[in-house]
Amino acid sequence: MDDQTRMLAGMGGLGGLSQADVGDPDSVRKQQSLGQPQQDIGDILQQIMAITDESLDEAQASIRGVQEEDPPDPQIMRLDNMLLAEGVSGPEKGGGSAAAAAAAAAAGGSPNDSSIEHSDYRAKLAQIRQIYHSELEKYEQACSEFTNHVMNLLREQSRTRPISPKEIERMVAIIHRKFSSIQMQLKQSTCEAVMILRSRFLDARRKRRNFNKQATEVLNEYFYSHLSNPYPSEEAKEELAKKCGITVSQVSNWFGNKRIRYKKNIGKFQEEANLYAVKTAVDAANVSAQASQANSPATPNSGKVHSSPPIISSR
DNA sequence: TATAATGATTTATC
DNA sequence: GATAAATCATTATA
């Protein structure tokens, strides 16, 4: 069982978003056609009815619980904040495009392919958002409908026995508490679904793409022309990153990998080294030829292949 | 489809 | 914090 599956194993019914839902465009329709919420509401009614049978002490304890929640539950606050930050709750902001951009940036994707992933992420987040809001609306509606129903019942009962406003208040509080716990489950499931979605986009190893030919050439050119000290400065890394359309950390990764792999098997890279040495020499010759047309003639680079071993520090 | 190549991550070291 | 080295996970290729 992988991490994602494990995470989902704990996600229960009530509007829970499954792993399949995250990647399935039909999930919204499926959710709506399953009729699950109606069944849930039936369960809720039964639970609430059971609560009405509680002893006075238990009911009072319930109320105390409600009152204690007056300063909002830290867990709910945490969930609310996360949903807000991810763009699931709160005002529509392009389906969490900021979060998608952050995810893409953290993944170190190139500007070209990240836009594809970006829209993919946004579409899936929008799906989660839609499910979340439709479920939330259903629960809120069910809550107010049920509250009205109970109020009507109490009104009817008031004809046969005296019912204090406090008792009505108590009943309403119990109902609201029950519904808010369901909302919390919904929020929790949504948070988990968003986390799974994000982890998919953040897992760069999953989405690894080879750099394009031009980028690899630029990096190799630098590497082989600095073979005696293949450690680009921060400025050089930034320059290379810009040229290659990759991030500075990707440049660092590339040089890290290249140094170690070159050092491990210099023989294997000899041909490549020669190729880039010639290439660099030809480029230099072209540059100097152009310069000589304008100025006095300059001595071109010999094009000689590096014969001295590279100095790659070891620990 | 096995294997090589490659980009990213992790761990240890300085 | 940068880097070496080992390793992982994906992609490219024979």
Side-chain angles (χ1 to χ4, degrees), chain A residues 1-9 19-20 22-24 99-125 192-280 305-306 308-315:
Chain A
M1 196 191 263
D2 62 18
D3 286 349
Q4 294 181 356
T5 320
R6 240 194 317 275
M7 272 178 78
L8 284 156
Q19 187 177 20
V22 172
D24 178 4
S110 73
N112 298 329
D113 63 349
S114 74
S115 61
I116 302 161
E117 293 166 16
H118 187 130
S119 64
D120 203 22
Y121 178 94
R122 214 164 45 183
K124 288 185 171 133
L125 194 70
E192 282 167 12
V194 172
M195 285 286 97
I196 289 161
L197 184 65
R198 286 204 72 175
S199 74
R200 277 189 180 183
F201 278 81
L202 288 168
D203 189 350
R205 277 205 278 213
R206 260 176 195 274
K207 312 216 84 164
R208 186 179 74 74
R209 293 274 182 281
N210 288 355
F211 298 155
N212 62 41
K213 213 177 158 191
Q214 185 254 335
T216 312
E217 242 167 60
V218 169
L219 295 166
N220 273 316
E221 265 174 40
Y222 188 98
F223 181 81
Y224 287 111
S225 62
H226 296 77
L227 208 49
S228 57
N229 185 35
Y231 297 87
S233 64
E234 197 55 36
E235 291 76 33
K237 279 182 192 172
E238 279 168 19
E239 180 76 29
L240 287 167
K242 210 172 163 187
K243 270 190 191 172
C244 300
I246 58 178
T247 65
V248 171
S249 67
Q250 283 178 302
V251 171
S252 298
N253 287 339
W254 190 92
F255 274 87
N257 285 323
K258 191 74 185 182
R259 279 191 300 263
I260 194 74
R261 283 164 187 165
Y262 179 86
K263 194 177 143 187
K264 269 186 171 177
N265 194 351
I266 294 173
K268 198 180 89 179
F269 289 94
Q270 201 54 60
E271 203 181 328
E272 192 178 66
N274 291 344
L275 199 79
Y276 280 100
V278 170
K279 199 170 153 55
T280 308
V305 174
H306 279 276
S308 56
I311 303 159
I312 297 178
S313 68
S314 56
R315 293 186 187 273

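Below, read A as the first sequence line, B as the second, and so on, with proteins coming before strands; counting in each chain starts at 1.
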J.: Show your reasoning for whether side chain to side chain contact (heavy atoms under 4.5 Å, CB included) applies to A:E238 and A:V251.
T.: CA-CA 8 Å; A:E238 279 168 19; A:V251 171; over 6 Å; no
J.: Might you work through the side chain to side chain contact (heavy atoms under 4.5 Å, CB included) test for A:E239 and A:K243, ending with a clear yes or no?
T.: CA-CA 6 Å; A:E239 180 76 29; A:K243 270 190 191 172; 4.1 Å; yes
J.: Of the listed nucleotides (C:dC8, C:dT11, C:dT3), which one gets closest to any side-chain atom of A:R208?
T.: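 Nearest to the side-chain atoms of A:R208, counting from C-beta on, is C:dT11.
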J.: Nearest whole Å is fine: how far is C:dT3 C1' from A:F223 CZ?
T.: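 After rounding, the gap between these two atoms is 14 Å.
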J.: Nearest whole Å is fine: how far is C:dA4 C1' from A:N229 CG?
T.: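 Roughly 15 Å, once rounded to whole Å.
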J.: Work out which heavy atom in A:Y276 is nearest to a heavy atom in A:N220; give both atom names and the distance.
T.: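 Scanning both residues, the minimum pair turns out to be CZ-CB, 3.3 Å.
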J.: Take atom CG of A:N257 and atom P of C:dA4, then tell me their distance rounded to the nearest Å.
T.: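 Whole-Å distance recorded here is 11 Å.
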J.: What is the distance, rounded to the nearest whole Å, between atom CD1 of A:I260 and atom P of C:dC8?
T.: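 It works out to 16 Å between those atoms.
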J.: Does A:K263 have a side-chain nitrogen or oxygen under 4.0 Å from the phosphate oxygens OP1 or OP2 of C:dA5?
T.: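 Affirmative; the distance criterion is met.
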J.: Whole-Å distance between B:dG7 C1' and A:N212 CG?
T.: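 Taking CG of A:N212 and C1' of B:dG7, I get 14 Å after rounding.
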J.: Kindly point out which of C:dA4, B:dG7, B:dA8 is positioned nearest to the side chain of A:N253?
T.: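 Of C:dA4, B:dG7, B:dA8, B:dA8 is nearest to the side chain of A:N253.
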J.: May I ask you to verify if any side-chain N or O of A:R209 is less than 4.0 angstrom from the OP1 or OP2 atom of B:dG7?
T.: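 Negative; the distance criterion is not met.
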J.: Using the 3.5 Å cut-off, write out each protein N or O paired with an N or O of nucleotides 12-14 of chain C and the distance between them.
T.:
none

J.: Judged by each residue's nearest nucleotide on DNA chain C, which is more toward the 5′ side, A:R261 or A:F255?
T.: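 The 5'-side residue here is A:F255.
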J.: Are any of the side-chain nitrogens in A:E272 or A:K258 under 4.0 Å away from the carboxylate oxygens of its partner?
T.: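 So A:E272 pairs with A:K258 through a salt bridge.
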J.: Provide, to the nearest angstrom, the distance between the CZ atom belonging to A:F211 and the P atom belonging to C:dT11.
T.: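 Checked: the CZ to P distance equals 14 Å.
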J.: Name the closest nucleotide to the A:Q250 side chain, picking from C:dA4, B:dA8, B:dG7.
T.: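 The answer is B:dA8, which lies nearest to the side chain.
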J.: Under 4.0 Å from OP1 or OP2 of B:dA4: is there any side-chain N or O of A:K268 that close?
T.: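 Indeed not, no polar side-chain atom of A:K268 lies that close.
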J.: For the pair A:F255 and A:Y222, evaluate ring-ring contact (aromatic ring centres under 6.0 Å, His included) and give the outcome as yes or no after the intermediate values.
T.: CA-CA 10 Å; A:F255 274 87; A:Y222 188 98; 5.7 Å; yes
J.: With respect to the phosphate group of C:dA4, does any side-chain polar atom (N or O) of A:Y262 fall under 4.0 Å of OP1 or OP2?
T.: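 No, because none of the side-chain N or O atoms of A:Y262 sits under 4.0 Å from OP1 or OP2 of C:dA4.
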J.: How many angstroms lie between atom CD of A:Q214 and atom CG of A:L219, to the nearest 0.5 angstrom?
T.: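 If we round to the nearest 0.5 Å, A:Q214:CD and A:L219:CG are 9.0 Å apart.
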J.: Can you tell me how far P of C:dT3 sits from CH2 of A:W254, to the nearest Å?
T.: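 Rounded to whole Å, this separation is 14 Å.
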J.: Rounded to whole angstroms, how far apart are NZ on A:K264 and P on B:dA5?
T.: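 Distance check: A:K264 NZ to B:dA5 P gives 13 Å.
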J.: Is it the case that the ring center of A:Y224 lies less than 6.0 angstrom away from the ring center of A:F269?
T.: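 Not under 6.0 Å, so no.
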J.: Below the 4.0 Å mark, does C:dT3 have OP1 or OP2 next to a side-chain nitrogen or oxygen of A:K237?
T.: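 Affirmative; the distance criterion is met.
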